[in-house]
Amino acid sequence: MTSTVIVGSSVGGVRTAQALRSEGYDGEVVLVGEESELPYDKPPLSKGLLAGTATADSVRLLTQDAADRAGIRLLLGHRATRVDVAANLVELQGHDPLRYDHLVVATGARARPSPWGERPGIHVVRVLRDAQLLRQDLLDGGHVVVVGAGFIGAEVASTARLLDLEVTLVDPLPVPMSRVLNPEVGGWFVDLHRRHGVRSIFGVGVEAIDGELGDFTVRLTDGSELAAAVVVVGIGAEPNDGWLRSSGLVVDNGLVCDQYCRAVDADNVFGVGDVARWFHPGYGAEMRVEHWTNAVDQAVCVAHNIAHPDDLRVYAPVEYVWSDQHDWKVQVVGRTSGTTEHVVVGDPAEDNRFAVLYTRDGTTLSGAAVVNWPRALIGCRRALRDGSRLAQVHDALTAQASKVQE
Amino acid sequence: MAVVKADLEACQGYANCVVGAEDYFDIDDDGVVVLLRAEVSESDRGRVEEAARSCPVSALLVEDQ
C-alpha cells in the first residue's frame, strides 16, 4: 500500500489528511505531530482561549474517533528531525523512521522569540501551552504591556481589555498597520485601540525588559519606562524549516516549492501552510503566507495533487486573513500593501462598518479591507477572483450600503 | 444521500464556504450563510466536504442522512 506521511499536526496537516480521503486517496495516511496534544486550532489562542470563552477541547481540529473513522493514523509527541530524500524516509525523535511514497511538510511557523530575554511573565502566543500560561498570568491582574501591534499583538491587547485589564500597546512604527493597509486606514486602527481603552505608544521601540513576573520594567528607546506585571511579545513568526536543512531540499525562508506545491527538487515532497514558499503563477512570484485560510486551501490543492498525479492543479489563491479586534471583525483579502490608492465605502466613525478598496494599477481591484460587513467581503472576494474593475466593485458596494441602511 | 447542515448561530460570515462551493453556499445581507441546496450528490461530496472544512468556526457539516 502507498503511504503519505504528513509532518505537522496543525490545521495545514490535519486538513491535508482529511482532504486526501475526500479526494479518494486509499493509501495509508500518517499524521505526525511534535506536540502530544490532539490537533487544535490556533486562531482562538489570542482570542477565546485567552478570554476563557473557549477551551482546549472546544478548539480541537480532530478527535481520535474522527481520525479513526477517516483512516488517519495519528503519531503525536514525536518531533521530525530529518528527511532522507533518496531513501524516502522521515526520521523522528523517539520513533522508528517512517517510509513514505509522498511526504507533506506542514510544520508551520514559530513565534519570533523575545529579543529582550525569555523568562516567566514574558510571553509569546503560538501554541496552546503559550495561551494557557498567558491566561494564568492575565488572571492575576496588573498592567499588561504588549510589544508589537500587528494582528496577534492587537488581538491580545483587545482580549486583555475584555478581561478589564490595563493595557499598553507598544510598536516602533508610528502607525502600525500602515504598511499593510496604508497610513489613513492604519490611523483608524490607532483610534480603535484608543476608543477601547488601550494606551498606545507608537513610533517607539523597546530597549530592554528588566525585572520579573509581576514586577517588570520595560525600558523604551525614547528613555521612558513602563511598569508591567506581564509582557506579551508579538513581533512576527519564522518558518519551522530547520529540520529540513540537512535533507538537500531547497530551503530559503521556508521549503521552496513549485506552482503545484511540490518541493522544487523532489516531486514526491509537498509543502503546505506557513512553512511553504511556493511559486504563485498568478503573481509570477514566490510567496510564503502565514494565514489560516491559506493553509486550508493549500492542503486541498496538495491532497488533490497527491491523489491525482495525472491532473495536477496549480495553486494560485487570493490571500485572505481576518482579525478580531475590539468590536471590529477585520477581513483583508488580496493585495493591499505597496499601494496608497484606495477608495472607502462606508464610514468607520459613523456606522462601524466599512470597506476599503485598493488598486495597484489605478483600474483593477487588487485587494480590500472590510470591517463588520461580510456581504461586502464576499463581493470583494468574487471580484478579485474575476479580475473586476475597482469602479464596478465600488458601485456595487455603494448600492449594497444604501440597501442595508434602508 | 449526504446532506450539508449549517449552524447559523456559529456562522460569522467568513465566506470561505462560498469561495469553495458557490453552488451550495451564499452569504445573506446579515452576513449569515445560506444553503442554496442541502442534498449533496456523490460526485460533489468531496468538494463540498472541503468547502465545509474551510469554515474557520466549523459551522458546516456534511453527513449521511
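Within every chain, numbering begins at 1; the chains are lettered A, B, ... in the order of the sequence lines, protein sequences first and strands thereafter.
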Check each atom of B/Cys17 against the heavy atoms of chain A and say whether the ones under 4.5 Å are side chain, backbone, both or neither.
-> neither
Modelled atom types, side-chain donor and acceptor of B/Glu49 and A/Ser22, under 3.5 Å = yes
Decide side chain to side chain contact (heavy atoms under 4.5 Å, CB included) for A/Val296 and B/Glu50; before the verdict, give the C-alpha distance in whole Å, the side-chain angles of both, and the deciding distance to 0.1 Å.
-> CA-CA 9 Å; A/Val296 170; B/Glu50 283 163 2; over 6 Å; no
Salt-bridge criterion met for A/Arg353 and B/Asp30 (N-O under 4.0 Å) = no
With a 4.5 angstrom heavy-atom cut-off, could you sort out which part of B/Arg53 is near chain A: side chain, backbone, both or neither?
-> both
Roughly how far, to the nearest 0.5 Å, is CD1 of B/Ile27 from CD1 of A/Ile378?
-> 6.5 Å
Qualifying residue, where the test is ring pair (Phe, Tyr, Trp, His ring centres under 6.0 Å) with B/Tyr14 and the options are A/Trp322, A/Tyr320, A/Trp292 | A/Trp322
Here the pair of heavy atoms bringing A/Leu377 nearest to B/Ala15 is CD2-CB, 4.1 Å
Ion pair present between A/Arg385 and B/Glu22, side-chain N to carboxylate O less than 4.0 angstrom?
-> yes
Select one option (side chain, backbone, both, neither) describing which atoms of A/Asp41 are under 4.5 Å from chain B's heavy atoms.
-> side chain
Could you give me the CA-CA distance, side-chain angles and deciding distance for A/Arg375 and B/Asp26, then say whether side chain to side chain contact (heavy atoms under 4.5 Å, CB included) is met?
-> CA-CA 9 Å; A/Arg375 187 74 206 164; B/Asp26 199 1; 3.3 Å; yes
Taking everything shown except B/Asp23 itself, do over 12 heavy atoms lie less than 6.0 Å from its CG?
-> yes
Sort out for me which of A/Arg21, A/Gln331, A/Gln18 touches chain B most, counting heavy-atom pairs under 4.5 Å.
-> A/Gln18
